[in-house]
Structure formats: C-alpha cells, structure tokens
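This report concerns only the one structure given below.
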Amino acid sequence: MPRAKRYWLVKTEPESFSIRDLAASPKQTTCWDGVRNYQARNFLRDDMKLGDEVLFYHSNANPPAVVGTCLVVREAYGDHTAWDKKDHHYDPKASPENPIWQMVDLRLTEIFPHAVSLSELRATKSLATMELLRKGSRLSVQSVRPGEYKMVLAIGRKA
DNA sequence: GCCAACGTTGGC
DNA sequence: GCCAACGTTGGC
C-alpha cells in the first residue's frame, strides 16, 4: 500500500527565485536549496516524497501570493550550498560527509492564471486553519491539508 | 536549563 | 523602513 500523497507549501522571495525562474530552469526543475531551519529541514528530509504536490508561494512580494504549483521529483539529499564558502547560506558545520541541511528537487506543474494573494487566502473561510495564515508563521516549508490544496488550486485556476 | 541579546522573516 | 514574531546563541 503506497503512502498517501501529501501536500506542501514552499516560500520563496521572487527577487531571489520566482516561479518564472523555475519555468526558465532546465526541465523546469530546481533543487530547493538554502533551507536553514530545522523544522523545515525535517519536512524535506523525512516527509516530502516523490509525487507530492507543492504550492509555490511568493513572500516579500507585492502582493504576497500563491502563484502556482510544483511536484517533488527527487527526494531529500544533501544541500551542497551548505559547504560552499561563497554561498550566502554557507554553514561551516556542514560537509559532504555530514550535510546537516537537505534539499529536494521540484518541477513546475503550473503557473496560475490568477495568483492567489494572501488577502484572498485570508478571505476564504475554508482556509482559515492554513499554517500560512497563522499569526507569526515563518516556516518556509509547510504542510498543507488536501482540502486546502484543492481549494487554493480551484481559486488559482479561475481566470 | 534559563533567558537576554541578537538575527531573521515577512507583512505592511 | 518599521516592527512583531520567531529561532538561535551563548553566558551563567
């Protein structure tokens, strides 16, 4: 019995990596590097599996919004940016033998015709319990309930 | 193990 | 740019 598909949300600042950048990447796929929070790392390492579906969220954007979806196409492996001294996310404690930080590969599924803004998410009753909407929520990798995922998808696909 | 200081996130 | 909310660090 295969494990049930899970749903996620990842945050990125479009100034550093936007969904357009993902669309322009080889095979529209990217390694999701730079996560430096243990709770988010644990999701990447332990729970994100091949075929899981992911909401793509632009933070620090105008407006902040879920702008599309992607798919987990490679499960967790060591985040090489952690032992790259020149990288902004360099961590002196990490090495290829002890990566500490993990990443997955994500492939673009769709860019929404209608970006679902944060205020729109807040205005949707059935999304009231989304982690993203919790006060002070800062996790850059979050779990999303199947019903929440489907609702965001439905709003984003409306022209 | 406590907790103050500090750094980061991210909406506004 | 402001600032609230968090996470991490390090002295004790």
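Protein chains get the first letters and strands the later ones, always in sequence-line order, with residue 1 at the start of each. All figures in this text were calculated on a predicted structure; none of them were measured in a lab. Atoms considered below: every heavy atom in the structure, side chains included; atoms not considered: hydrogens, waters and symmetry mates.
Put simply, A:Y57 has no side-chain N or O that comes within less than 4.0 Å of OP1 or OP2 on B:dT9. Here A:K11 reaches the OP1 or OP2 of B:dG10: one of its side-chain N or O atoms lies under 4.0 Å away.
The CG atom of A:D91 sits 14 Å away from the C1' atom of C:dT9 (whole-angstrom rounding). In this structure, the CG atom of A:L118 is 11 Å from the P atom of B:dG10, given to the nearest Å. The distance between atom CZ of A:R138 and atom P of B:dC12, rounded to the nearest whole Å, is 16 Å. Atom CG in A:N62 sits about 11 Å away from atom C1' in B:dG11, given to the nearest Å. Rounded to whole angstrom, the span from the CZ atom of A:R41 across to the P atom of C:dT8 amounts to 10 Å. In this structure, the CG atom of A:L133 is 16 Å from the C1' atom of C:dA5, given to the nearest Å. Atom pair A:R36:CZ and C:dT9:C1' shows a separation of 18 Å (rounding to whole Å applied). When rounded to the nearest whole Å, the span between CZ of A:R122 and P of B:dG10 equals 13 Å.
Looking at the side chain of A:R134, the nearest of the listed nucleotides C:dC6, C:dA5, C:dT9 is C:dC6. Which of B:dG11, C:dA4, C:dG7 sits closest to the side chain of A:Q39 comes down to C:dG7. Side-chain atoms of A:K93 lie closest to C:dT9 of the nucleotides B:dG11, B:dG7, C:dT9. For A:P64, counting side-chain heavy atoms from C-beta on, the closest listed nucleotide (B:dG11, B:dG7, C:dT8) is B:dG11. With C:dA4, C:dT8, B:dG11 as the choices, the nucleotide that has an atom nearest any side-chain atom of A:S59 turns out to be B:dG11.
Heavy-atom contacts from other residues, nucleotides or ligands closer than 6.0 Å to CE of A:M130 number more than 12.
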* Verdict with supporting geometry, A:R3 and A:D47, salt bridge (Lys or Arg N to Asp or Glu O under 4.0 Å) -> CA-CA 11 Å; A:R3 154 192 174 288; A:D47 299 321; over 6 Å; no
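With hydrogens and angles ignored, the 3.5 Å screen pairs no side-chain donor or acceptor of A:E148 with any backbone N or O of A:L127.
The ring of A:Y38 has its center closer than 6.0 angstrom to the ring center of A:W101.
Of the N and O atoms on the side chains of A:T81 and A:R36, at least one donor lies less than 3.5 Å from an acceptor on the other residue.
Toward the 5' end of DNA chain C, the nearer of the two residues A:N60 and A:Y38, judged by each one's closest nucleotide, is A:N60.
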